[in-house]
Amino acid sequence: MIETVAVVTASAPPRAWVAPGNTSACSGCAQSGYCAGATAGRRGRGRQIVIDDPLGLSPGESVVIGIPGAGLLRAATLAYLLPLLALAATAWAGTRFALPLWATLGGALLALGAGLWLAERLGRDAPRPVVLRRLS
């Protein structure tokens, strides 16, 4: 289970909106401007996630939310690998069968779009973050 601390920003049972906290690898480090961990923490600011609220949360509360590691791996594979494989397979087929460059590029872009669309459709049933426990 991959966990992070989040703050409840709004609540309307049975749902709550949470904002993940700034979790960087080492915010006090002098190299934080160049560190991938610190950069990833800054990118998530302002983002809110809708979760189920079985605890009756109130705005301002801190909670620990989590998502199964396998679910996150599946979502990442769908989001990144599926469109890339569709693009690469179409580009390979276009060059293998000696299609004109415009047809190969057009087909590859169409396959990329189809891969993104399919990833979005298949990702709808992916596991969602859940509240694990209340901190405050």
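Atoms OG1 and CH2, from Thr104 and Trp92 in turn, are 12.0 Å apart once rounded to the nearest 0.5 Å. Note: Leu85 CG to Thr90 OG1 = 10.5 Å, rounded to the nearest 0.5 Å.
For the pair Ile2 and Gly69, the tightest heavy-atom approach, listed with the atom from each and the gap, is CD1-CA, 4.0 Å. Shortest non-hydrogen contact noted between Ser62 and Val7 is OG-CG2, 4.2 Å. In this structure, Pro59 and Ala10 approach most closely via the heavy-atom pair CG-CA, 4.1 Å. The two residues Pro127 and Ile67 make their nearest non-hydrogen contact at O-CD1, 3.4 Å. Taking each heavy atom of Leu112 and Leu87 in turn, the nearest pair found is CB-CD1, 3.7 Å. Between Pro129 and Ile49, the shortest heavy-atom distance links the atoms CG-CG2, 4.1 Å.
Arg128 places a side-chain N or O within donor-acceptor distance of the main-chain N or O of Val50, the cut-off being under 3.5 Å. Listed for the Ser11 side chain is a donor-acceptor partner under 3.5 Å among the backbone atoms of Leu57.
Considering only heavy atoms from C-beta on, Val63 stays 4.5 Å or farther from Arg133 through its side chain. Side-chain contact check for Val18 versus Ile65: some heavy-atom pair is nearer than 4.5 Å. Between Arg74 and Asp125, some side-chain heavy-atom pair lies under the 4.5 Å cut-off.
Clustering ILVMFWY residues whenever any of their side-chain heavy atoms sit less than 4.5 angstrom apart, transitively, puts Leu118 in the very cluster that holds Leu78. Each of Trp117 and Leu110 belongs to its own hydrophobic cluster when Ile, Leu, Val, Met, Phe, Trp and Tyr are linked at side-chain heavy-atom distances under 4.5 angstrom. There is a path of hydrophobic side-chain contacts, each under 4.5 Å, that joins Leu55 to Ile51.
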Hey, mind stepping through Leu135 and Val5 against side-chain contact (heavy atoms from CB on, under 4.5 Å) and telling me if it holds? CA-CA 9 Å; Leu135 292 178; Val5 176; 3.8 Å; yes
Passes side-chain contact (heavy atoms from CB on, under 4.5 Å), Asp53 versus Arg15? Steps please. CA-CA 5 Å; Asp53 180 10; Arg15 303 259 188 261; 5.7 Å; no
